[in-house]
Amino acid sequence: MKINPIRWALHWQIFFALLLALVLGCSILPSLEPTAAAKVEQICNFLGQLFMNALKMLIVPLIVASIISGVMHLGANKGVGRMSLKTFLYYSLSGAAAILVGLILVNVIGPGRVDSETATALLGQASTTAENEGLLSKVEGRNSSDLFDIFLRMFPSNIVDAAADNGKLLGVITFSILFGAFIGVLPPNLRKAQTDFWDSTQVVMLKLTNFIIRFVPIGVIGLVTPVLYHAPFGDLLGAIALFFLTVLLALVFHIVINLGLALRLLGKVNPYTHFRQMTPVLLTAFSTASSSATLPLTIETVEQRANVSKKTCAFTLPLGATVNMDGTALYECVVVLFIAQLYAATGQVALDLGQQLLVVLLALMTSIGVAGIPAASLVAIAVILPAVGLPVEAIGVVWITDRLLDMCRTTVNVFSDTVGAVVIAKSEGEQPYAPTVKS
Ligand code: ASP
């Protein structure tokens with residue numbers, strides 16, 4: 001019997017790539033001589049970077065082409081307004097539900113309710129880590145006034161500059177939505193030239209995406225092996241381990257219960273079917289820890305496998321990858337409350353209910369501004385900590401687990417985007433997962 005991995009379904013290929021990364025990162029690399037291990041790691045880093053670059057290269061042209069071609073078919077005013085409202089509603093509610101789960105679990109489990117000695121040691125270590133890792137320079141100068149930045153970023157003064165900066169995709173999205181909407185007001189002869197151009201550009205971008213996506217398994221090995229090789233499994237003890245588990249449990253609860261209910265009640269879709277169909281997207285989000293880098297695959301998969309129309313995908317998914325961050329919002333809330341519990345354990349003041357609600361609100365708002373790239377939520381956490389009277393250096397407490405939890409929260413961020421696309425498609429009269437959906 002011949003085994004040909006190229007013919008396996010993509011999710012199996014990615015799954016085996018992850019297994020291979022696990023064996024390489026946790027067993028083979030640690031048993032090699034340091035110089036040989038460094039060589040293998042260098043090759044992995046190269047492959048991972050190459051793959052991330054290839055994915056990122058697709059993002060701007062894909063977003064622009066798919067949003068413009070999607071929105072221009074929505075009809076100039078009514079369609080865009082209605083869909084924006086629903087999308088906004090879904091994003092706010094799913095984010096709020098995620099944060100509430102985090103809030104409840106971190107209060108019930110209380111990973112930071114340790115004795116005062118442990119808390120002092122952890123917090124002391126945190127400041128050193130924050131300094132050593134240069135975390136403070138990354139997050140310094142951030143405060144709650146950064147929230148207004150989100151609105152400013154929606155209208156960048158220079159669209160080329162916004163397109164060139166990974167963190168400014170929101171501006172590119174606003175521009176593309178407006179551009180697509182205004183194609184609708186052109187006279188028929190000019191409109192045809194525009195619709196033909198953008199429709200065909202989108203097809204080219206999707207074909208190109210399809211091609212690059214074939215290399216996901218190689219990218220996964222390159223990206224995940226070094227992470228697992230350096231993963232601080234040995235340091236996952238006590239309070240940090242409990243914090244890690246609290247985040248994981250909350251993320252799983254949100255995916256299974258909250259998003260599962262949204263799929264079943266609003267999308268009229270079997271959550272298990274959706275989860276299974278989205279596996280390649282989820283595994284890629286997990287491996288890259290970046291919603292933006294996963295976006296090309298998300299668009300292609302939701303369109304092809306869930307039968308959501310091109311225009312709904314084009315409208316909801318790029319926006320979702322940039323502003324809908326359930327996992328991130330939940331994570332921000334748990335981190336801030338965990339740090340607050342540690343401070344309370346050292347005998348300093350604990351957060352009262354009002355302050356906890358402020359954390360919830362800030363987590364929801366700042367998660368909108370978090371870029372879909374690895375470790376981006378640290379900046380948002382640095383906005384929330386001083387707002388509730390906690391020092392920014394405490395962010396170092398969660399640094400050692402950040403990458404692993406980043407992979408997990410990004411998976412939830414992206415899954416929620418796909419659920420949003422299905423729910424909104426259903427509300428627009430489409431039949432997700434029915435074989436005969438027209439775009
Ligand atoms: N890495 C996350 C994402 O891309 C953002 C974050 O929480 O840091 O979705």
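Whatever order the structure lists ligands and atoms in, that order sets their numbers, starting from 1.
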*With rounding to the nearest 0.5 Å, note down the distance linking CG in L337 to CG in L105.*
11.5 Å

Please tabulate, one line per pair, the protein nitrogen or oxygen atoms found under 3.5 angstrom from a nitrogen or oxygen of ligand 1, with distances to 0.1 Å, or say none if there are no such pairs.
residue, atom, partner, partner atom, Å
ligand 1, 1 (N), A289, O, 2.9
ligand 1, 1 (N), I373, O, 3.0
ligand 1, 1 (N), D406, OD1, 2.7
ligand 1, 1 (N), T410, OG1, 3.1
ligand 1, 4 (O), S291, N, 2.8
ligand 1, 4 (O), S291, OG, 3.2
ligand 1, 4 (O), G372, O, 3.2
ligand 1, 4 (O), I373, N, 3.3
ligand 1, 7 (O), T328, OG1, 2.6
ligand 1, 7 (O), S377, OG, 3.0
ligand 1, 7 (O), R409, NE, 2.7
ligand 1, 8 (O), A376, N, 2.9
ligand 1, 8 (O), S377, N, 2.9
ligand 1, 8 (O), S377, OG, 3.1
ligand 1, 8 (O), R409, NH2, 3.1
ligand 1, 9 (O), S291, OG, 2.4
ligand 1, 9 (O), N413, ND2, 2.9

*Pair T312-S309, side-chain donor/acceptor within less than 3.5 Å*: yes

*Could you give all pairs that pass the side chain to side chain donor-acceptor pair (under 3.5 Å) test and reach residues 221-232, with sequence neighbours left out?*
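Found E41-H230.
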
*Return the set of residues passing side-chain hydrogen bond (donor to acceptor under 3.5 Å, both in side chains) with E300 (not counting sequence neighbours), or none when no residue passes.*
N210

*Fit a plane to each ring of F215 and F211, take the angle between them on a 0 to 90° scale, and name the class: parallel (under 30°), tilted (30 to 60°) or perpendicular (over 60°).*
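Perpendicular.
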
*For residues 312-343, which residue pairs qualify under ring pair (Phe, Tyr, Trp, His ring centres under 6.0 Å), counting only residues two or more places apart or in two chains?*
F243-F338

